[in-house]
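Convention: sequence-line order gives letters A, B, ...; per-chain numbering from 1.
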Amino acid sequence: MTTTAETDVAATPKRFNINFGALIMEGRALVALLVIIAIFALMNDNYLSSGNLATIAKDVAFNAIIALGMLLVILKGGIDLSVGSTVGLTGAVAGNLFQGVSLPLTDAVMYPSLWVIVVLAVGVGMLVGWVNGILISRLNLAPFIVTLGMLYVGRGLTQVLLGGTNITNELRGQEGLNNEGLFTIFASSPLGVPISAWVMVALAVVFSILLTRTPFGRWLYATGSNERAAELSGVPVKRVKTRVYIFTGMCAGMVGILQIANIRSATADLGSLYELNAIAAVVIGGAALSGGRGTVRGTIIGAFVIGFLTNGLVIVGVSPFWQTVITGAVIILAVAMDQIQQIIQRRRADARAVAQVRRESQQQEDEEAAEEPLKSEGQKVH
Amino acid sequence: MPAGQPNGLENTPGSGGSGEVVLRAVNVSKTYGVTRALKGVNFEVRRGEVTVLFGENGAGKSTLMKILSGVEQPTAGHLELDGEVIELMSTTDAVARGISIIHQELNLNPNLKVRDNIFLGREIMSIRGIDFAEQSRITRQMMQRLEEPISPDTYVQDLRVGQQQIVEIARALSTDARILIMDEPTSALSTTEVHVLFKIIRELKRQNVAIVYISHHLEEAIEIADRAVVFRDGELVAKEDAGDINLPWVVRTMVGREADYDFREEPRHYGDVVLSIQDVSVYDPVSEKFPVEHVSLDVREGEIVCLYGLMGAGRTELMETLAGRDKVAGGRIMLDGTDIAGTNVSERIERGMGLVPEDRQRDGLIKLQSVGKNLSLAGLSWWVRNGLLQRVAETLRVREQITDIGIKTAGPDAPITSLSGGNAQKVVIGKILLTDPRVLLLDEPTRGVDVGAKGEIFSLIFKQARQGLAVLFVTSDVGEALTASHRIVVMSRGHLVTEFDPRRATREEVMAAAEDSAPPLLSTDAPRAQVTNGADA
């Protein structure tokens with residue numbers, strides 16, 4: 001998070017160390033990414049083909065968009081397990097809107113236009129997030145439990161809305177109803193890059209600005225690091241907490257729309273386990289689950305690590321069962337490395353402190369000895 | 001180390017029985033980051049004796065207790081138990097060697113029975129599982145020993161706090177503790193319960209248990225002491241036998257060399273009343289008590305009012321209520337003539353009143369952020385244009401503030417954890433000052449701050465007051481109450497009891513007013529400590 005304002009700070013050695021440390025931490029994920037790419041590229045020629053890269057980009061984008069929302073929640077020190085269900089729910093809501101809404105008390109069926117559908121679907125995602133946020137910030141419920149419950153509620157509602165069948169044909173829209181274009185817009189590839197990747201890039205930029213250039217970003221980092229101190233500094237802690245869940249809901253809603261366009265169907269299991277991939281991306285990107293630490297850049301890299309790894313394992317023909325094992329191991333490894341690094345840093349700091357104390361007491365003893373050479377009761381330093 | 005320290009404490013090994021040193025800390029130092037909490041302390045605990053630790057907050061008492069009880073390990077130096085060098089890696093380690101600690105906050109599980117609490121983690125097992133009968137038998141025995149008829153089957157939540165304290169002691173004794181550390185054991189006890197506790201302590205002494213005792217109630221502590229040691233700024237500065245100590249000596253030694261600041265003769269130019277606390281009471285739903293009752297106080301522009309009192313007098317509760325964290329149970333808080341009782345913390349900061357909290361680590365600092373971001377956090381709205389932070393302007397102002405209030409740091413980007421206690425405290429104060437407040441509330445502003453930095457912090461506060469800031473600060477240090485305020489208001493048991501002019505009051509007077517532990521007559525009809533807006537000369 002170096003900025004123009006901060007780079008002109010006199011480069012003291014201390015500051016240099018810190019940025020260096022941060023660099024290594026984010027750099028580690030980047031190194032892992034490059035290693036993964038190199039290994040699979042050597043094993044299979046098709047890995048870096050433009051077709052496969054487009055596939056990876058799409059998968060990475062879906063995960064990254066969710067992960068960006070998840071980053072905000074994790075920065076606050078929370079967790080959102082309901083995002084996968086929210087993806088499914090928004091997809092189902094959109095599907096139903098494409099089918100048309102029978103207005104009560106009349107025979108009329110309303111067909112909202114495409115953009116109305118998109119806004120409503122994303123709105124439903126935000127609404128789910130708002131409910132999560134209110135329950136967590138106002139009633140002080142544990143984020144894990146609230147969003148776990150919402151995971152069930154969201155998935156159940158998806159199934160209710162779909163009534164056991166997928167919505168597929170209606171998604172195409174009908175001429176005259178002004179609801180055509182889902183596929184041509186939300187499954188397009190401007191300049192050869194999938195639209196979802198563009199959305200990811202746009203969101204990454206917006207979230208970066210949000211985190212580093214707005215009071216909300218500062219409030220979020222402060223709340224995640226020390227909620228009590230943040231509150232006493234006038235940070236509207238409850239509002240911050242509610243808002244992050246609205247953001248995850250929004251991200252999930254956007255992925256819901258992009259996914260039904262991508263697979264051309266609104267299905268009941270759409271978005272299953274997305275929450276776990278998103279959490280993994282955030283954590284691999286160097287964020288602390290305890291809150292207050294993490295960056296947009298790291299999260300995007302984390303999503304790429306998972307995307308390139310999963311795709312590579314498929315493409316070199318590793319059995320699906322082993323794929324899951326390996327992915328899980330990589331996640332644990334990422335977190336373990338982070339922890340090990342922190343332990344090493346702490347040990348070093350302790351060792352420095354010990355050395356300092358020893359030096360000083362030695363010095364003091366020498367002085368005392370010099371002052372009173374005959375003083376006998378001075379205790380030995382061990 | 002100051003001269004004139006008694007030197008008759010050298011252990012005579014092998015003397016046996018009472019008075020023999022059982023536990024010894026040799027040259028123990030502890031460092032937290034850049035903070036030196038303990039500096040080469042040598043300390044002894046003797047069998048069958050009560051060793052009382054005196055010292056202000058942050059003097060190093062608790063750190064030493066944490067080391068003795070295995071919670072923390074010394075950065076340098078070592079411990080000796082019965083003359084043998086030991087290393088305590090955990091509390092379990094310490095308990096296994098017969099060292100138990102009773103914490104200020106009771107560590108009991110209220111939903112379990114007395115018996116189950118006492119044997120928690122050390123259950124007596126038989127072939128059929130836990131041997132409850134045996135546990136009950138031993139518990140009953142312990143209670144007899146402590147002369148407190150508490151049934152082993154009572155749930156801890158049904159006991160009075162004093163009785164819970166006794167259960168804690170029983171638990172410690174049931175581990176065959178030879179050394180018992182008591183950290184503020186009386187803070188929640190009534191006068192009668194204190195007497196019971198003291199009787200138990202005397203009994204334990206007869207049974208050759210060594211006791212280490214910490215309390216802020218100095219007179220109580222003097223009463224029970226066999227030996228006294230005084231800590232100041234991480235050093236053990238004095239050791240005396242109980243026969244040779246009295247209250248003035250303890251206070252004098254605790255405070256140490258008179259602070260090198262004295263603002264008594266500062267000119268006093270007060271403006272209008274900015275903050276008017278009118279008949280404010282605070283209710284604590286956890287203890288179901290009123291920690292603050294019918295408090296009224298006015299603070300004027302440019303005036304520095306010191307709220308002096310012991311821990312537990314309701315000072316922190318009053319400050320947190322003023323800051324907006326706790327709700328007002330009754331009364332009004334007038335800021336510039338408007339009642340702000342219904343507003344929250346951020347609204348109060350916007351209106352010009354902010355708190356520098358008592359516990360800097362827990363409530364003051366954002367540890368994962370830089371010095372600069374800590375400083376600007378409360379006043380961010382100053383640098384927002386079109387929803388975005390103007391970071392150049394922000395950094396400029398932050399640098400200015402670092403220079404203005406003399407924070408010693410590598411720069412705005414240095415991590416906040418790299419600062420010493422005094423400088424970190426200046427950051428917390430500087431943060432609130434950047435919101436351009438009318439009233440500054442400070443709760444123990446010099447806690448855990450070395451003597452030199454104390455003076456700097458008060459000069460900073462007086463400088464702000466000269467520019468019209470109204471200041472209300474809490475302290476339990478009489479010295480700073482007398483030398484660094486315009487007016488001293490004494491708080492005791494939730495009431496403002498009296499007030500002093502620091503130019504005329506004596507240390508003893510002020511302390512006596514706060515120590516007065518007579519309970520208020522009838523809580524509903526308590527004498528309302530209406531502190532007058534004493535017109536100063």
Heavy-atom pairs under 4.5 Å with chain A: which of B/L355, B/V85, B/D363 has the most?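 Among B/L355, B/V85, B/D363, the one with the most close pairs to chain A is B/D363.
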
Top residue by heavy-atom pair count (under 4.5 Å) with chain A, among B/S381, B/S346, B/G354?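 Sorted descending by pairs with chain A, the first entry is B/S346.
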
Heavy-atom contact with chain A under 4.5 Å, split by part of [X]:
| X | result |
| --- | --- |
| B/Q73 | neither |
| B/S376 | side chain |
| B/I366 | both |
| B/L389 | both |
| B/R360 | neither |
| B/L368 | both |
| B/E394 | side chain |

Looking at B/R24 and B/F43, would you say the former's side chain and the latter's main chain have a donor-acceptor pair under 3.5 Å?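 Side chain of B/R24 to backbone of B/F43, a donor-acceptor pair under 3.5 Å: no, none is there.
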
If the plane angle is over 60° it's perpendicular, under 30° parallel, otherwise tilted; pick one for A/F247 and A/F207.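 If you compare the ring of A/F247 with that of A/F207, the planes turn out perpendicular.
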
Which residue in the set B/T321, B/L322, B/V282, B/I340 passes side-chain contact (heavy atoms from CB on, under 4.5 Å) when paired with B/V328?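 With B/V328 as partner, B/T321, B/L322, B/V282, B/I340 yield a single side-chain contact (heavy atoms from CB on, under 4.5 Å), made by B/T321.
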
At a heavy-atom distance under 4.5 Å, which candidate from A/N226, A/V235, A/V237 has the highest pair count against chain B?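 The residue among A/N226, A/V235, A/V237 with the greatest pair count is A/N226.
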
Which region of A/I209, side chain (C-beta onward) or backbone (N, CA, C, O), has a non-hydrogen atom less than 4.5 Å from a non-hydrogen atom of chain B, or is it both or neither?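 Looking at A/I209, just its side chain touches chain B.
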
Between A/L71 and A/V296, is any pair of side-chain heavy atoms under 4.5 Å apart?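 With C-beta onward as the side chain, the pair touches.
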
Testing the 3.5 Å rule here: is there a donor-acceptor pair between the side chains of [X] and [Y]?
| X | Y | value |
| --- | --- | --- |
| B/S370 | B/D413 | no |
| A/Y245 | A/K76 | yes |
| B/K431 | A/S233 | yes |

Strictly below 4.0 Å, N to O, side chains only: are B/K239 and B/E44 in salt-bridge contact?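 Salt bridge present between B/K239 and B/E44.
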
